[in-house]
*Asks:* 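Dropping the structure in here first, questions after.
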Amino acid sequence: MRLCDELQPGRTYSYRVGGAGGWSAVHTFRTPEAPGTFDTFRVAFVGDSRGAYETWSFLVQAAAAQDPDFILFTGDAVGSGSSQAEWDAWFRAMGDVPAEIPVVFAHGNHEGLSQNYFAQVMQPGNEQWFTIKYGNLHLVVLNDTVDWGSDDLEVEARYIDRSFAEAVPGYVGAAAHHQGMYASCLTHRSNTVLRDLWVPHYDAAGVRLVFNGHNHIYERSVPIRGDVEVQPAAGATYLTAGGAGASLYPQFDETEWFLHTAVPKHHFGIADFGPGGIHVVVRDAAGTVIDVFDR
């Protein structure tokens with residue numbers, strides 16, 4: 001049952017699910033105020049668990065303890081998107097977190113457009129590309145693993161423009177999809193097809209943060225606009241958050257012009273949005289801060 005059309009802004013709801021065979025515990029969540037009416041909130045971001053469910057459990061619980069408004073997952077929850085056993089393990093590892101904190105999911109290549117993925121990871125719109133409006137955040141979530149031979153990547157490029165044309169005045173623009181367009185990691189280098197297709201649209205919209213996964217590493221780019229480094233306020237920072245448990249990729253190219261920071265550790269990040277900008281802190285599995293910056 002979907003009740004989204006019935007929920008009202010700024011209210012606390014309690015619920016449980018079940019039937020004749022038993023009921024869940026009672027869970028509580030609070031809906032946000034209407035988009036554009038507030039500008040202070042917190043987003044956790046993490047991705048690429050890929051079967052390492054003990055590490056994933058620890059990291060998602062640690063992220064949830066930071067009290068985010070929602071969690072952004074950058075794809076590749078499981079090794080095989082069609083394996084229900086893997087999905088069951090992934091959800092068990094999360095415990096009660098998704099019962100009270102929304103999870104926004106960018107489709108990864110290991111999800112593979114599987115029926116299991118779409119049956120369990122319910123997202124807005126067509127569930128492949130969609131928009132989240134939260135406060136003054138305008139977040140476009142895209143799918144970069146599309147049907148072979150389709151023109152979906154071009155369709156999504158046009159969708160970026162349409163989405164941001166409907167943003168509230170004074171919005172903070174962000175985007176999320178799985179494969180990085182500026183990646184120094186040697187396992188998966190920069191996806192230049194996506195870079196050529198989508199980055200001009202991000203630049204036109206004034207996107208400030210782009211969240212990716214795919215490489216099992218934490219990586220932050222310098223601010224970029226027009227494929228060159230710019231001052232922080234003038235471009236987008238590209239983040240690779242692929243350290244939710246999958247085996248790490250330790251090799252990266254330190255000579256890449258766009259690289260600011262690369263740390264091959266399991267991690268999660270917290271982005272605090274406020275009237276003064278965005279404050280980002282990234283911690284490893286031991287709780288140690290491995291990166292901190294403002295945008």
Side-chain angles (χ1 to χ4, degrees), residues 27-32 40-78 87 89-108 110-111 120-123 132 134-135 137 139 141 172 174-178 180 209-220 237-248 261 263-274 278-295:
H27 295 287
T28 301
F29 67 94
R30 182 172 177 82
T31 56
T40 301
F41 52 91
R42 172 171 286 183
V43 177
F45 58 92
V46 65
D48 289 83
S49 41
R50 290 268 304 275
Y53 301 118
E54 183 175 349
T55 303
W56 162 234
S57 179
F58 180 84
L59 288 171
V60 73
Q61 299 291 339
Q66 298 292 315
D67 196 26
D69 290 68
F70 66 89
I71 297 171
L72 176 62
F73 193 85
T74 58
D76 280 6
V78 296
W87 282 111
W90 189 77
F91 281 112
R92 280 197 302 271
M94 293 185 78
D96 289 338
V97 170
E100 300 193 353
I101 302 175
V103 179
V104 176
F105 206 114
H107 176 272
H110 279 264
E111 276 70 61
Q120 297 172 107
V121 183
M122 187 173 291
Q123 303 292 286
I132 301 294
Y134 197 93
L137 173 65
L139 171 65
V141 181
V172 176
H177 55 90
H178 186 58
L209 286 178
V210 180
F211 299 92
N212 303 124
H214 201 41
N215 280 313
H216 306 164
I217 188 175
Y218 170 72
E219 183 173 347
R220 169 163 64 103
T237 298
Y238 294 79
L239 300 177
T240 297
S247 298
L248 296 170
T261 303
V263 184
K265 289 186 175 183
H266 294 125
H267 64 275
F268 70 94
I270 296 292
D272 283 312
F273 293 78
I278 311 168
H279 182 66
V280 179
V281 178
V282 183
R283 293 177 171 84
D284 65 16
T288 302
V289 174
I290 59 175
D291 193 24
V292 58
F293 66 95
D294 296 286
R295 285 294 177 266

*Asks:* I'd like to know if the side chain of T74 reaches the main chain of F211, judged simply by a donor and an acceptor atom lying under 3.5 Å from each other, with no hydrogens or angles considered.
*Replies:*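 Looks like no, no N/O pair under 3.5 Å.
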*Asks:* Look only at the side chain of Q123 and the backbone of F105, and say whether a donor-acceptor pair between them is shorter than 3.5 Å.
*Replies:*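 Side chain of Q123 to backbone of F105, a donor-acceptor pair under 3.5 Å: yes, one is there.
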*Asks:* What is the minimum heavy-atom distance between A176 and L139, and which atoms define it?
*Replies:*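 Looking at all heavy atoms of both residues, the closest pair is N-CD1, 4.1 Å.
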*Asks:* Judged by atom type as modelled, is there a donor-acceptor pair below 3.5 Å linking the side chain of Q61 to the main-chain atoms of M94?
*Replies:*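 Yes, the answer is positive, given that a donor and an acceptor are paired below the 3.5 Å cut-off.
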*Asks:* Shortest non-hydrogen contact from D69 to P102?
*Replies:*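 Looking at all heavy atoms of both residues, the closest pair is O-CD, 3.4 Å.
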*Asks:* What pair of heavy atoms forms the shortest contact from A285 to L59, and how long is it?
*Replies:*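 Answer, listing the atom of A285 first, then L59: CA-CD2, 4.0 Å.
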*Asks:* Just by modelled atom types, is the H214 backbone N or O under 3.5 Å from a matching donor or acceptor in the D48 side chain?
*Replies:*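 Side chain of D48 to backbone of H214, a donor-acceptor pair under 3.5 Å: yes, one is there.
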*Asks:* Out of curiosity, W87 CH2 to E111 CD, how far, rounded to the nearest 0.5 Å?
*Replies:*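 Separation between the atoms: 4.5 Å.
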*Asks:* Distance check, rounded to the nearest 0.5 Å: H216 atom NE2 versus L248 atom CG?
*Replies:*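 Between atom NE2 of H216 and atom CG of L248 there are 8.5 Å.
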*Asks:* Any chance you could measure I290, atom CD1, to D284, atom CG, to the nearest 0.5 Å?
*Replies:*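 Between atom CD1 of I290 and atom CG of D284 there are 5.5 Å.
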*Asks:* Please check if the side chain of H267 supplies one atom and the backbone of K265 the other of a donor-acceptor pair under 3.5 Å.
*Replies:*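 Confirmed, H267 side chain pairs with K265 backbone.
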*Asks:* Are the side chains of V46 and V60 in touch, meaning some heavy atoms are under 4.5 Å apart?
*Replies:*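 With C-beta onward as the side chain, the pair stays apart.
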*Asks:* Indicate the atoms forming the closest heavy-atom contact of I217 with V263, along with that distance.
*Replies:*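 Residues I217 and V263, closest heavy atoms: CG1-O, 3.5 Å.
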*Asks:* Would you indicate whether the side-chain heavy atoms of H279 and V292 approach each other to under 4.5 Å?
*Replies:*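 Answer yes - side chains close enough.
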*Asks:* Show, in sequence, the C-alpha distance, side-chain angles and deciding distance for W56 and H266, and conclude whether the side-chain contact (heavy atoms from CB on, under 4.5 Å) test is met.
*Replies:* CA-CA 9 Å; W56 162 234; H266 294 125; over 6 Å; no
*Asks:* Taking atom CZ of F293 and atom OG1 of T261, what is their separation to the nearest 0.5 Å?
*Replies:*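 Answer for the CZ-OG1 pair, F293 versus T261, is 8.5 Å.
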*Asks:* Between T240 (side chain) and N212 (backbone), is there a donor-acceptor pair under 3.5 Å?
*Replies:*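 Pair absent, no side-chain N/O of T240 close to backbone of N212.
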*Asks:* Spell out, as yes or no, whether a donor-acceptor pair under 3.5 Å connects the side chain of D76 to the backbone of H110.
*Replies:*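 Yes, D76 side chain to H110 backbone: donor-acceptor pair under 3.5 Å.
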*Asks:* State which residue, out of W90, F268, F45, fulfils the ring-ring contact (aromatic ring centres under 6.0 Å, His included) condition with F73.
*Replies:*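 For F73, the ring-ring contact (aromatic ring centres under 6.0 Å, His included) test succeeds with only one of W90, F268, F45, which is W90.
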*Asks:* Contact between V78 and Y53 at the side-chain level, heavy atoms closer than 4.5 Å - yes or no?
*Replies:*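 Result yes, sub-4.5 Å side-chain heavy-atom pair found.
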*Asks:* Distance-only, no hydrogens or angles: does the Q66 side chain make a donor-acceptor pair with backbone N or O of A63 under 3.5 Å?
*Replies:*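 Side chain of Q66 to backbone of A63: no pair is present.
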*Asks:* Taking E100 for the side chain and F29 for the main chain, is one N or O donor matched with an acceptor at less than 3.5 Å?
*Replies:*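 Judged by distance alone, no pair lies under 3.5 Å.
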*Asks:* Write down the atom of S49, the atom of A77, and the distance for their closest heavy-atom approach.
*Replies:*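 Shortest heavy-atom contact: OG-O, 2.7 Å.
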*Asks:* Any chance you could measure L137, atom CG, to I278, atom CD1, to the nearest 0.5 Å?
*Replies:*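 Taking CG in L137 and CD1 in I278, the distance rounds to 8.0 Å.
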*Asks:* For a salt bridge (charged side-chain N to carboxylate O under 4.0 Å, His left out) check, start with the C-alpha distance between D272 and R42, then their side-chain angles and the critical distance, and finish with the verdict.
*Replies:* CA-CA 5 Å; D272 283 312; R42 172 171 286 183; 2.6 Å; yes
*Asks:* Carefully, step by step, assess V43 and F273 under the rule side-chain contact (heavy atoms from CB on, under 4.5 Å).
*Replies:* CA-CA 8 Å; V43 177; F273 293 78; 3.8 Å; yes
*Asks:* For a quick test of reading the model, state the closest non-hydrogen atom pair linking H177 to A106 and the distance between them.
*Replies:*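 Where H177 meets A106 most closely, the heavy atoms are CA-CB, 4.1 Å.
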